[in-house]
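These notes concern the structure reproduced below.
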Amino acid sequence: MLKVGIVGLPNVGKSTLFNAVLKREQALSANYPFATIDPNVGVVDVYDERLEKLAEIVQKNTGVNPPKVYANIEFVDIAGLVEGASKGEGLGNQFLANIREVDMILHVVRDFLDTNIIREHSKDPHTDTEIINSELIIKDLESIEKQLKVKSNNNEILQRYYDYLNNGKLAIELRSQIDKVKYEEIIKPLFLLTDKEMIYVFNVDESDERLKLQNNQTFKENPVIFINAKLESELSSLSIEDRKSYLSDLGIKDSGLDKIIKMAFEKLGLITFLTAGEKEVRAWEIKNGTNAQNASGVIHTDFIKNFIKAEVVGFDDYISAGSKLAAKNAGKLRLEGKDYIVKDGDVIEFRIGA
């Protein structure tokens, strides 16, 4: 399951966004620093309209309305970091540890004008993000220093990372320049805070025209998404149809949450394949480039060793045909071996041996 940490300075809208993400008021939103004392964790469904269509087909053919099981993302709302967090300022050390466990960081940035919300340590987007990134870098330098004190053959690569970070840069920027095997063996096990994909989320005023932009913007060489946390909170209480209508009236194509989920999947190279039957229709989350044999393992690990074949129909072909049998008769069903690279939206049934 994809695990995303929401970080930022106090009072930038992290907990408000988290509440919207969960579609219920699970986190405490309060107008004072460190309102979040413990990390709030919640698992949310990644709504996929394709499951609705597959469920309709299954019901039409069998009379059974199957449950829909969506892919999930786990969000962790981490208390506001401040300058000096790496040394324990605020509630720093406690929450920096929580960041180590996530796959990706949502860095929430204050860019709204409401003077009623206290600006705790916040000045402007550039300065604020520098504070957070600097604290993450300092903590990573400490982690590498500990490793360097142990004489080993790994010191060369560790020193390279130390020097890079010491120049104010993020560890993830160095990853493409490092031997993959050495990275997996030496660097990845350190769980460096700056060795994670990051998306900047600018919390802006509801009237801000940037809310209408699609996901092609960058900030400090990372994707940036513009949201209004209060608007997201309002949208979370609406049905899907009402939400679309509300956004349309505002001239906004997609909600901030939808943009975040889409970008998170893109940045981490994730796709979903689908299964359809009376028991359930389901979206299964895998890395792009995963072969059929390993993809079967996300359903059950025993499937990997007992894999025989994969019966594959592209989603559009499945919907057009109206059933798996019709797709087969139309020549749209393929029998694929273990090395077949699964594509996003493939509807698959695995043949598994005893």
Side-chain angles (χ1 to χ4, degrees), residues 1-2 43-73 214-215 239-241 243-244 253-255 257-259 261-354:
M1 186 187 300
L2 173 60
V43 177
V44 295
D45 288 336
V46 179
Y47 176 74
D48 191 334
E49 192 174 7
R50 295 175 299 188
L51 295 190
E52 309 293 331
K53 295 180 179 179
L54 287 175
E56 289 175 8
I57 286 178
V58 171
Q59 185 173 23
K60 181 179 179 181
N61 292 324
T62 68
V64 176
N65 184 17
K68 296 175 283 290
V69 183
Y70 301 96
N72 302 122
I73 294 183
Q214 292 304 299
N215 297 348
S239 67
I240 294 170
E241 293 74 19
R243 190 158 62 241
K244 288 180 179 178
K253 184 178 179 181
D254 298 310
S255 71
L257 176 56
D258 288 337
K259 291 177 183 177
I261 289 172
K262 181 180 178 182
M263 182 57 66
F265 268 63
E266 286 181 9
K267 285 285 282 181
L268 291 174
L270 298 174
I271 62 170
T272 51
F273 71 88
L274 312 170
T275 55
E278 294 179 39
K279 182 180 178 181
E280 66 180 21
V281 294
R282 184 164 182 161
W284 302 87
E285 184 180 307
I286 58 171
K287 278 277 191 180
N288 195 6
T290 300
N291 64 35
Q293 184 176 25
N294 289 328
S296 71
V298 305
I299 297 177
H300 197 292
T301 53
D302 286 348
F303 284 11
I304 296 176
K305 64 181 179 181
N306 296 321
F307 178 91
I308 298 175
K309 290 285 184 180
E311 299 179 358
V312 183
V313 183
F315 173 76
D316 290 337
D317 290 334
Y318 196 103
I319 298 303
S320 296
S323 71
K324 178 183 171 183
L325 179 59
K328 180 180 180 179
N329 292 336
K332 298 298 184 180
L333 184 148
R334 310 184 308 277
L335 274 181
E336 300 287 1
K338 64 181 181 179
D339 295 326
Y340 169 72
I341 302 302
V342 176
K343 298 179 178 62
D344 185 64
D346 277 349
V347 184
I348 304 179
E349 184 172 330
F350 295 103
R351 292 185 182 179
I352 306 298

* To do: Evaluate side chain to side chain contact (heavy atoms under 4.5 Å, CB included) for Glu311 paired with Leu335, printing each intermediate quantity in order.
  => CA-CA 5 Å; Glu311 299 179 358; Leu335 274 181; 3.6 Å; yes

* To do: I would like to know whether Tyr47 and Glu52 meet side chain to side chain contact (heavy atoms under 4.5 Å, CB included); could you show each step before the answer?
  => CA-CA 10 Å; Tyr47 176 74; Glu52 309 293 331; 3.4 Å; yes

* Asked: Between Lys287 and Leu270, does a side chain to side chain contact (heavy atoms under 4.5 Å, CB included) hold up when you go through it step by step?
  -> CA-CA 5 Å; Lys287 278 277 191 180; Leu270 298 174; 4.1 Å; yes

* To do: Go through the steps for Lys244 and Glu241 under the test side chain to side chain contact (heavy atoms under 4.5 Å, CB included), then give the verdict.
  => CA-CA 5 Å; Lys244 288 180 179 178; Glu241 293 74 19; 5.9 Å; no

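For Ala327 against Val313, the heavy-atom pair with the smallest separation is CB-CG1, 3.9 Å. The minimum heavy-atom distance linking Ala295 with Val342 is given by the pair CB-CG2, 3.8 Å. Heavy-atom minimum distance, Asp258 versus Asp254: CB-CB, 4.3 Å. The two residues Ile341 and Gly289 make their nearest non-hydrogen contact at CD1-O, 3.5 Å. Residues Asp346 and Gly314 share a closest heavy-atom pair of OD1-CA, 4.3 Å. Of all non-hydrogen atoms in Ile348 and Ala310, the two that sit nearest each other are CG2-CB, 4.0 Å.
For the atom pair Ile304 CD1 and Lys338 NZ, the distance stands at 12.0 Å (nearest 0.5 Å). A distance of 3.5 Å separates CD1 of Ile319 from CD1 of Ile57, quoted to the nearest 0.5 Å. Atom CD1 of Ile352 and atom CG of Asn306 lie 7.0 Å apart (nearest 0.5 Å). In this structure, OG1 in Thr301 is found 12.0 Å from CG in Asn294, a value given to the nearest 0.5 Å. Considering CG of Leu54 and CD of Glu49, their distance stands at 11.5 Å, rounded to 0.5 Å. Distance CZ/Arg351 to CD/Glu336: 12.0 Å, rounded to 0.5 Å.
Among Asp45, Val44, Leu2, the single residue meeting the side-chain contact (heavy atoms from CB on, under 4.5 Å) criterion with Asn72 is Asp45.
Aromatic ring pairs are classed by plane angle as parallel below 30°, tilted from 30° to 60° and perpendicular above 60°; the pair Phe350 and Phe273 is perpendicular.
Of the possible donor and acceptor atoms, one in the side chain of Asp48 sits under 3.5 Å from a partner among the backbone N and O of Arg50. A distance-only check finds no donor-acceptor pair linking the side chain of Glu280 to the backbone of Pro66 [under 3.5 Å]. When atom types are taken as modelled, the side chain of Asn61 and the backbone of Gly322 share a donor-acceptor pair closer than 3.5 angstrom.
Proximity of Phe315 to Lys343: side-chain heavy atoms (C-beta onward) are nowhere separated by under 4.5 Å. Side chains of Phe265 and Glu285 form a contact here, defined as non-hydrogen atoms less than 4.5 Å apart. The shortest distance between side-chain heavy atoms of Leu274 and Leu51 falls below 4.5 Å.
Surrounding NZ of Lys262 are at most 12 heavy atoms belonging to other residues, nucleotides or ligands under 6.0 Å away. Counting non-hydrogen atoms of other residues, nucleotides and ligands closer than 6.0 Å to NZ of Lys267 gives a total above 12.
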